[in-house]
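First listed ligand is number 1; within each ligand, the first listed atom is number 1.
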Amino acid sequence: MTTLTINNRTVSIEQGALLIDACRAAGVEIPHYCYHPCLKVIATCRMCAVEVKGWSKLVASCSTPAEDGMEVRTDTPAVAEARAGVMEFLLLNHPLDCPICDQAGECKLQDYSYQYGSGDSRMAEPKNRYDYEDLGAKIVIDKNRCIHCTRCVRFTRDITGTCELTPINRGSHLEITTFAGLTLDSNPFAGNLVDLCPVGALTSRSFRFKKRSWYLKPIPTISRHGADAKPIWADVDRNRLWRFRPRPEGNNTPTCFISDEERDAYRRYSIDRSQRQVSPTLNGKDAAVSDIAQTMKANGPVAVLAQGTFGCDALQRLGELASSESLRYAHGNKRIPIQNPAIQKSEDGVINRAGAIAQGYRFDALEELLSRVEAEEVKTVVLYHDSEFSDESENALLRRILEKSHFSLLLEPIPSNLAQAAKATLATLPVTTYLEESDFIIDHQGNEKRYTRALIPPKGVKTPGDWVKELLIGH
Ligand code: SF4
Ligand code: FES
């Protein structure tokens with residue numbers, strides 16, 4: 001460990017840590033632009049300058065390792081003057097377009113300008129002007145706002161290795177642009193550039209001009225559409241989901257970045273509430289839960305077939321409907337090829353496989369269930385399913401199981417055409433999506449990951465646990 005003082009406060013930090021991290025450990029936030037914990041350090045913006053006793057000049061805390069006995073100060077007039085100078089410099093060519101800028105409310109230039117800027121500018125010359133530029137279908141760049149921190153360039157160079165972005169020209173004419181006419185369309189992680197850009201230069205085409213950030217309430221959840229179930233924010237306003245963003249855990253690179261597929265998955269959960277099914281049905285007609293429960297009772301034995309992408313609580317409650325423990329079957333077989341090992345660790349798209357197994361569910365036994373249904377050893381199948389996570393062959397097998405069973409009870413948060421497969425008696429229950437419930441999963445590394453309700457479901461739509469309670473009462 002290394003022990004030093006920050007503004008007279010003693011702090012111990014692991015050997016090799018940077019001064020910027022030591023300051024954070026001491027509870028002192030250091031303003032920074034070019035530094036990002038998951039990118040290579042270049043120390044060009046100088047916003048993070050601090051004073052070290054005995055050193056003749058201010059030092060960049062993002063590139064200076066902490067040393068034993070160092071006496072660091074971040075609250076001296078020299079540091080304040082340096083920060084104000086950097087702010088004035090960065091704002092020389094920056095437009096005052098915060099009212100129409102997408103980054104307003106979450107812009108580091110805005111925040112630091114207020115906290116550390118001088119309020120004056122000596123710039124008398126006209127500012128450089130550029131037009132918006134499309135960097136493909138995903139990202140738009142407004143170069144007027146760029147402060148040349150090169151986070152974006154380092155991301156495409158060092159993290160994705162695709163090198164689409166590059167600086168061109170020099171001095172005050174330096175611009176960030178795509179290299180040799182490339183776009184960012186084929187980069188499956190391009191959306192991260194919007195999060196990385198500390199100002200409003202790189203914006204997302206899908207989110208641009210849609211919502212002011214201060215209306216959004218970030219709810220901590222997990223990504224269900226990547227194999228690692230990464231921590232993410234679900235940004236919600238008035239019960240509507242607007243975007244998914246990474247929710248970094250410290251300096252852990254994989255949690256800082258998500259794929260565009262995971263980011264864009266928010267669209268699946270922005271379901272038109274007026275189109276939602278809000279009451280149970282039996283053979284296509286609205287029905288009482290007690291009627292469904294009676295039909296189930298008359299058609300035993302019951303098998304539960306649940307997908308391993310759903311939460312442990314839901315799986316556990318649903319499992320109570322199975323006539324015996326051996327009748328808990330699990331499915332889901334989505335594979336997500338690893339495109340970048342630094343960002344993605346597993347390719348198993350069934351995020352709660354371990355949790356489902358812990359609840360007594362068996363994977364890879366659908367053929368067995370089909371034969372038991374055909375032999376009438378199982379007459380009712382309760383299917384909890386999201387078609388996104390089963391490939392065509394698995395969906396075909398599920399269809400056959402529904403076709404052959406005497407009675408099927410279908411719970412689909414996002415309905416597919418599976419219901420049409422059931423030739424025998426079919427009941428459906430309107431069930432919540434994972435954003436409408438609080439639950440947890442056990443990821444592929446055995447870690448428990450909790451998520452909290454981000455959206456309120458329409459009246460009548462309930463969690464599987466609530467439906468099971470009602471079904472068991474109606475028995
Ligand atoms: S576009 Fe954004 S991330 Fe890239 S250099 Fe400019 S300010 Fe930095
Ligand atoms: S953040 Fe340290 S020099 Fe830019």
Side-chain angles (χ1 to χ4, degrees), residues 17-24 28-52 57-66 72 74 79 82-83 85-87 89-95 97 101-103 106-113 116 128 130 132-136 138-160 162-170 172-179 184 187 189-204 208 251 256-257:
L18 298 166
L19 282 183
I20 197 167
D21 295 323
C23 290
R24 187 173 300 130
V28 178
E29 272 305 315
I30 301 292
H32 57 276
Y33 289 115
C34 65
Y35 171 75
H36 186 283
C38 302
L39 298 177
K40 281 190 184 156
V41 171
I42 49 158
T44 52
C45 75
R46 316 313 278 183
M47 189 64 191
C48 66
V50 296
E51 209 171 286
V52 179
K57 292 180 187 167
L58 299 181
V59 296
S61 61
C62 71
S63 62
T64 310
V72 178
T74 69
V79 171
R83 289 174 181 173
V86 171
M87 285 310 303
F89 175 70
L90 292 178
L91 289 167
L92 288 181
N93 276 305
H94 195 87
D97 63 349
C101 177
D102 261 311
Q103 193 81 357
E106 39 191 26
C107 172
K108 287 295 173 204
L109 204 61
Q110 216 176 34
D111 294 348
Y112 294 161
S113 175
Y116 310 110
N128 291 338
Y130 303 93
Y132 289 102
E133 205 177 286
D134 282 331
L135 301 181
K138 299 179 187 174
I139 309 281
V140 177
I141 187 167
D142 181 342
K143 296 177 186 173
N144 298 315
R145 298 175 186 154
C146 175
I147 56 165
H148 310 140
C149 69
T150 72
R151 284 186 187 190
C152 54
V153 176
R154 282 175 284 149
F155 177 76
T156 58
R157 188 190 62 198
D158 303 328
I159 303 288
T160 62
T162 43
C163 298
E164 297 97 337
L165 292 170
T166 184
I168 57 166
N169 301 332
R170 295 210 163 187
S172 65
H173 294 286
L174 192 137
E175 288 175 38
I176 302 295
T177 188
T178 47
F179 184 73
L184 290 159
N187 186 332
F189 301 98
N192 294 295
L193 293 164
V194 177
D195 307 325
L196 281 170
C197 184
V199 298
L202 293 170
T203 53
S204 147
R208 210 171 139 73
N251 294 359
C256 286
F257 308 119

- May I ask you to identify the nearest protein heavy atom to atom 4 (Fe) of ligand 1, giving residue, atom name and distance to one decimal place in Å? C152 SG, 2.3 Å

- Ligand-side contact atoms (ligand 2) for residue partner Y35, heavy atom cut-off under 4.0 Å: 1 (S)

- Does the pair S61 and H32 meet the rule for a side chain to side chain contact (heavy atoms under 4.5 Å, CB included), with working shown? CA-CA 9 Å; S61 61; H32 57 276; over 6 Å; no

- Which bit of R145 gets closer than 4.0 Å to ligand 1, counting heavy atoms only: side chain, backbone, both or neither? neither

- Counting only N and O atoms by type, is there a donor-acceptor contact under 3.5 Å from the side chain of R145 to the main-chain atoms of H94? no

- Taking the minimum heavy-atom distance to atom 2 (Fe) of ligand 1, which of C197, C146, G200, P167 ranks first? C197

- Which of the atoms in ligand 2, numbered in the order shown and given with their element, are less than 4.0 Å from a heavy-atom of T44? 3 (S)

- Task: Considering only non-hydrogen protein atoms, determine which one is nearest to atom 2 (Fe) of ligand 2 and report residue, atom name and distance to 0.1 Å.
- Result: C48 SG, 2.2 Å

- Note on the structure: C62 heavy atoms within 4.0 Å reach ligand 2 at atoms 1 (S), 2 (Fe), 3 (S)

- Query: Sub-3.5 Å donor-acceptor pair from the side chain of R154 to the main-chain atoms of T150, do we have one?
  - Reply: yes

- Can you sort out which atoms of ligand 1 are near L202, meaning under 4.0 Å from one of its heavy atoms? 1 (S)

- Task: Assess whether atom NZ of K108 is packed by more than 12 heavy atoms of other residues, nucleotides or ligands within 6.0 Å.
- Result: no

- Query: Regarding D102 and T203, is there a side-chain donor-to-acceptor distance under 3.5 Å anywhere?
  - Reply: no

- Tell me whether the guanidinium CZ or amine NZ of R208 lies under 6.0 angstrom from the six-membered ring centre of Y132 and within 45° of its axis. yes

- Could you tell me which atoms of ligand 2, counted from 1 in the order shown, lie closer than 4.0 angstrom to a heavy atom of R46? 3 (S), 4 (Fe)

- Message: Heavy-atom distances under 4.0 Å decide this one: backbone, side chain, both or neither, for I20 against ligand 2?
- Response: neither

- Query: Do the side chains of E175 and N169 get nearer than 4.5 Å, heavy atoms only?
  - Reply: yes

- Query: Between the side chains of D21 and Y35, does any donor sit under 3.5 Å from an acceptor?
  - Reply: yes

- Near F89 CZ, under 6.0 Å, is it more than 12 heavy atoms from other residues, nucleotides or ligands? no

- Item | C149 neighbourhood, listing ligand 1 atoms whose heavy-atom distance to it stays under 4.0 Å | 3 (S), 5 (S), 7 (S), 8 (Fe)

- Short list, please: which atoms of ligand 2 are under 4.0 Å from a heavy atom of H32? 1 (S)

- Query: Going by the order shown, which atoms of ligand 1 are within less than 4.0 Å of some heavy atom of V199?
  - Reply: 7 (S)

- ligand 2 atoms nearer than 4.0 angstrom to some heavy atom of Y33 are 1 (S)

- Proximal atoms of ligand 1 relative to I147 (non-hydrogen, under 4.0 Å): 6 (Fe), 7 (S)

- Task: Could you list the atoms of ligand 2 found under 4.0 angstrom from a heavy atom of C45?
- Result: 1 (S), 3 (S), 4 (Fe)

- Query: Does L196 offer a backbone N or O that forms a donor-acceptor pair with the side chain of R151 under 3.5 Å?
  - Reply: yes

- Evaluating non-hydrogen atoms only, which member of I141, I139, T150 is closest to atom 5 (S) of ligand 1? T150

- Task: Just say parallel, tilted or perpendicular for the rings of F155 and F257, cut-offs at 30° and 60°.
- Result: tilted

